[in-house]
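What you see is a predicted model, and the numbers here were worked out from it, not measured in a lab.
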Amino acid sequence: MLFGPAPEGVERIGNSGGATLVLTERAHTLRSHPGQVSFPGGRVDPTDDGPVDAALREAEEEIGALRSGIDVVGMLPQLPLSVTGFSVTPVLGWWREPMPVGVVDPAEVARVVVVPVEELTDPANRFMAVHPARAFAAPAFEVQGLYVWGFTAILIAEFLDLAGLTRPWDTSDERPVPARFLVR
């Protein structure tokens, strides 16, 4: 989870201090979770020195974020993903100065979006995503043309809660997960 200050000239409103969060839209050709929104990151390679090293390497490979410009704030405990059976260790990073980021490898990433945290806390952008085939209902977001749901949205929602940034929102607003995300 790569956070940072808003670029110069962007109005800083609310409690987030103008912070931003980097999200990626996965390539639509991937076998696993095509087109879904995620954070930069991926599997720990044998050459990586653990989850932090893997997160920094993946951020550079996927979006061009230079590890020299990222301060690692911390690491969350390893979290299991019930659907895939994988475990994820979220690494929280802060870029001191906004740096140019974008799609480095279109085979992996379709789009990179730097989202103001204020948009994620805006009640108008929050709802509950409901999976039609499973008993699944969880927080979700629609920001900057992205439909953010599942693990990524749950992690964002938990982070906002822990940081004290969550504003009251309509948890009864339930919307089905778009069919394009239900194909495996």
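A distance of 4.0 Å separates CZ in Arg57 from CG in Asp45, rounded to the nearest 0.5 Å. Taking CD1 from Ile156 and CZ from Arg126, the interatomic distance works out to 9.0 Å, rounded to the nearest 0.5 Å. Note: His28 NE2 to Arg180 CZ = 8.0 Å, rounded to the nearest 0.5 Å. Summarising the geometry, atom OG1 belonging to Thr121 is positioned 4.0 Å from atom CZ belonging to Arg167; distances are rounded to the nearest 0.5 Å. Expressed to the nearest 0.5 Å, how far CG of Leu92 lies from CG of Leu76 amounts to 5.0 Å. Atoms CZ and CZ, on Arg26 and Arg111 in that order, are 16.0 Å from each other to the nearest 0.5 Å.
Here the closest non-hydrogen pair linking Ala107 and Ala27 is O-CB, 3.4 Å. Of all the heavy atoms in Gly64 and Val104, the pair that sits closest is N-CG2, 3.2 Å. In this structure, Val112 and Val103 approach most closely via the heavy-atom pair CG2-N, 3.8 Å. Closest approach of Gly150 to Phe136, counting heavy atoms only: CA-CZ, 4.1 Å. Listed here is the closest heavy atom pair of Pro77 and Pro90: O-CD, 3.8 Å. The two residues Ala140 and Ala129 make their nearest non-hydrogen contact at CB-CB, 3.6 Å.
Ring geometry, His131 versus Trp149: the interplanar angle falls from 30° to 60°, so the pair is classed tilted.
Under 3.5 Å, the side chains of Ser172 and Asp170 contain a donor-acceptor pair of N or O atoms. A donor atom on one side chain and an acceptor atom on the other are found under 3.5 Å apart for Ser38 and Thr24. Gln144 and Glu119 are linked by a side-chain donor-acceptor pair at a separation below 3.5 angstrom, with hydrogens and angles left out of the test.
Evaluation of the side chain to side chain contact (heavy atoms under 4.5 Å, CB included) rule for Val44 yields Asp48, Ala54 as partners, not counting sequence neighbours. Qualifying side chain to side chain donor-acceptor pair (under 3.5 Å) partners for Glu108, counting only residues two or more places apart in sequence or in other chains: none. Take Phe151 and apply the ring pair (Phe, Tyr, Trp, His ring centres under 6.0 Å) test, not counting sequence neighbours, and it matches no residue.
Contact annotation: the side chain of Leu155 approaches that of Leu79 to within less than 4.5 Å [non-hydrogen atoms, C-beta and beyond]. Using a 4.5 Å heavy-atom cutoff, the side chains of Arg96 and Asp71 are in contact. A heavy-atom distance below 4.5 Å is not found between the side chains of Leu160 and Glu158. Using a 4.5 Å heavy-atom cutoff, the side chains of Gln36 and Val148 are not in contact. Between Met1 and Leu21, some side-chain heavy-atom pair lies under the 4.5 Å cut-off. Between Glu61 and Asp105, every side-chain heavy-atom pair lies at or beyond the 4.5 Å cut-off. A heavy-atom distance below 4.5 Å is not found between the side chains of Val113 and Val22. In this structure, Asn125 and Leu120 have side chains that are not in contact, with every pair of non-hydrogen atoms separated by 4.5 Å or more.
Ring centers of Tyr147 and Phe127: under 6.0 Å apart, within the cut-off. A ring-centre distance under 6.0 Å is not found for Trp169 and Phe141.
Within 6.0 Å of the CG atom in Asp49, the count of heavy atoms belonging to other residues, nucleotides or ligands does not exceed 12.
Classification of Arg175 and Glu142 as a salt-bridged pair holds, one side-chain N sitting under 4.0 Å from a carboxylate O.
A donor-acceptor pair is defined here as one N or O able to donate and one able to accept, closer than 3.5 Å; no such pair exists between the side chain of Thr89 and the backbone of Pro51. Here the side chain of Thr20 pairs no donor or acceptor atom with the backbone of Val114 at under 3.5 angstrom.
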Q.
Pair Thr166, Phe159 - check side-chain contact (heavy atoms from CB on, under 4.5 Å), show working.
A. CA-CA 9 Å; Thr166 301; Phe159 178 85; over 6 Å; no
Q | Worked verdict on Leu2 versus Phe39 for side-chain contact (heavy atoms from CB on, under 4.5 Å) | A | CA-CA 8 Å; Leu2 181 55; Phe39 303 110; over 6 Å; no
(Q) Working note: Val101 + Trp95, criterion side-chain contact (heavy atoms from CB on, under 4.5 Å); need CA distance, chi angles, decisive distance, verdict. (A) CA-CA 11 Å; Val101 291; Trp95 57 9; 3.5 Å; yes
Q: Quick one: do Val72 and Val91 satisfy side-chain contact (heavy atoms from CB on, under 4.5 Å)? Show the steps, please.
A: CA-CA 7 Å; Val72 175; Val91 175; 4.0 Å; yes
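Both Val52 and Ile63 are part of a single hydrophobic cluster, where members link through side-chain heavy atoms under 4.5 Å apart. There is no path of hydrophobic side-chain contacts, each under 4.5 Å, that joins Val109 to Leu30.
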